[in-house]
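Report on one structure; see the data block that follows.
Below, read A as the first sequence line, B as the second, and so on, with proteins coming before strands; counting in each chain starts at 1. All figures in this text were calculated on a predicted structure; none of them were measured in a lab.
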Protein chains: 2
Amino acid sequence: MINHAGTMAEPKASKLDEATPALEPDLTAGTCTRKRKGEGCQRRQEILEAAKRLFAEEGYEKTTIRRIAASLGISSTALYVYFPDKNAVLAEICASTFRELRQHCADLRGAIPSDPLRVLHDAVTHYIQFGLEHPHEYHLTFNMPLPPEVKDNAEHPGDCAFQSFQALVQDVVEARQLHGADGNALTQQLWAGMHGLVSLVLLRPDFPWVERSVLVKGHVQLLVEGVLRAADGRQCGGLG
Amino acid sequence: MINHAGTMAEPKASKLDEATPALEPDLTAGTCTRKRKGEGCQRRQEILEAAKRLFAEEGYEKTTIRRIAASLGISSTALYVYFPDKNAVLAEICASTFRELRQHCADLRGAIPSDPLRVLHDAVTHYIQFGLEHPHEYHLTFNMPLPPEVKDNAEHPGDCAFQSFQALVQDVVEARQLHGADGNALTQQLWAGMHGLVSLVLLRPDFPWVERSVLVKGHVQLLVEGVLRAADGRQCGGLG
DNA sequence: GCCATGGGTTATCGTCGTTAAGTTAACAAC
DNA sequence: GTTGTTAACTTAACGACGATAACCCATGGC
């Protein structure tokens, strides 16, 4: 209890600080002794998982460093050993989610060598379902400004995921001989269309949406048909 | 400088509080005397506009009540006379933006009694342009969870705007005799598609988007064609 | 035994949203 | 022209926040 700081000011806060008994430390560690090298990585992973869960449950801004730490039974400052600040924790979660999404897309293209339109159709469906099944990760990753740590990354996971998708669209453009189609623009529009549904459904859960499967199937169909039709002249719609 | 509070505790903060010289009060008021009834509404509007500007420039979470107040030359607590909390300020801005958007849509339908498809086409274009031209209001309104003040409102502006759009889609469904089309689902999908583009472009300004007008025109076309095609069987795409 | 170091702690800072209590200027009635 | 009343605003303070600085101490190689 010795005041070893130089200023000798009275303590003023620290009354309810870290004193939320609702959050108990996770005692699944097993050992009670201090650990050394290598264990740090484990702790780092624990922090990431706790943060992911709390971000998911309560959102980024409302999740505090202190509560992440408390849920692991450590003090808030211990977190700064593994991450420079709160934003860096979010950045790492974002990057991991982006990677998962990209792998999803790449696997699909490699595993199903069938009609490119069918592959694109399935990829779009997959994307939307992925988003809806990982609401919090999706929200963290796509529905808020990218933290600089991710944005300045040369291997920007968003760009990578986009490129995977672009390949699928290009396959369709070539297979269907959609002359005059800008595959890049089409991919951006398709992505925007997928993102919009996921984003709105996640952000407006109380909206009276039509039944989920109808909504998703119809949306995929709308987008894929749109890609086919919008690509080469508007011979069906009739809008000069 | 008399300490009129009962507790006689030492002041501890209040050092840099409200002491940011960069933010000068807006001295356009003219009179220097205190004002009475009716002037309160003016101050309320001032707060809303300052908040809108600051939310726009720096985002909701980073904008503090103290800075909103400082930009008007009043103390932070004065704000609580007009709004119960920070969220309520955001809620009012949201509601106002929703109204503007809805009016946009209604005007368009009333003023141009031409081909329903053309009207829908223009409305979608309008929506996207509106979003891109009001990036911060759009972000505040659509890209974050609705505050309860707006959500619990019976005249939920989002629902109203949606209904306006639904009417346009229904016009198209009837004019083109798209049997088997669920106008409600189509509207939701169309809205999701529009929202997705606006949302992504606003949230990822550094992404290598194709040229803006190409992107928007192509997207509108993709969506409108998608509505036409997705509505009644997939006779063009060829995906069983 | 010594000590560098990794994995923690406590104390503290400045800021935040928000509340409580007090101040002051403009009006109303007497 | 004093006396309320009240709208509009202030100062002081609270508890929580992100972050930093300074310290503690068990482990493990020497």
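Spacing between atom CG of A:Leu79 and atom P of D:dT20 amounts to 13 Å, rounded to whole angstrom units. Between B:Arg44 atom CZ and D:dA7 atom C1' there is a gap of 15 Å when expressed in whole angstrom units. A straight line from CD of A:Gln42 to P of C:dG8 spans 10 Å, rounded to a whole angstrom. Between the CD1 atom of B:Ile47 and the P atom of D:dC9 there is a distance of 8 Å, given to the nearest Å. Spacing between atom CD1 of B:Ile68 and atom C1' of C:dC16 amounts to 12 Å, rounded to whole angstrom units. Straight-line distance from the CD1 atom of B:Ile65 to the C1' atom of C:dT19: 13 Å, rounded to whole Å. Distance CG (B:Asn87) to P (C:dT18): 8 Å, rounded to an integer number of Å. The CZ atom of B:Arg66 sits 14 Å away from the P atom of C:dG14 (whole-angstrom rounding).
Under the 6.0 Å cut-off for aromatic ring centres, A:Tyr138 and A:His195 qualify, their centroids lying closer than that. A:Phe142 has its ring centre less than 6.0 Å from the ring centre of A:Phe98.
Side-chain contact between B:Gln166 and B:Val169 is absent, with no heavy-atom pair separated by less than 4.5 Å.
For A:Tyr82 and C:dG6, the shortest distance from a side-chain N or O to OP1 or OP2 is not below 4.0 Å. Contact check, B:Ser75 against D:dC9: no side-chain N or O comes under 4.0 Å of OP1 or OP2.
Here the side chain of A:Lys86 is nearest to one of D:dA19, D:dC9, C:dG8, namely D:dA19.
Residue whose closest nucleotide on DNA chain D sits further toward the 5' end, between A:Thr64 and B:Thr77: B:Thr77.
Using cut-offs of 30° and 60° for the angle between ring planes, the A:Phe165 and A:Trp191 rings count as parallel.
No donor-acceptor contact under 3.5 Å links the side chain of A:Arg43 to the base of C:dG7.
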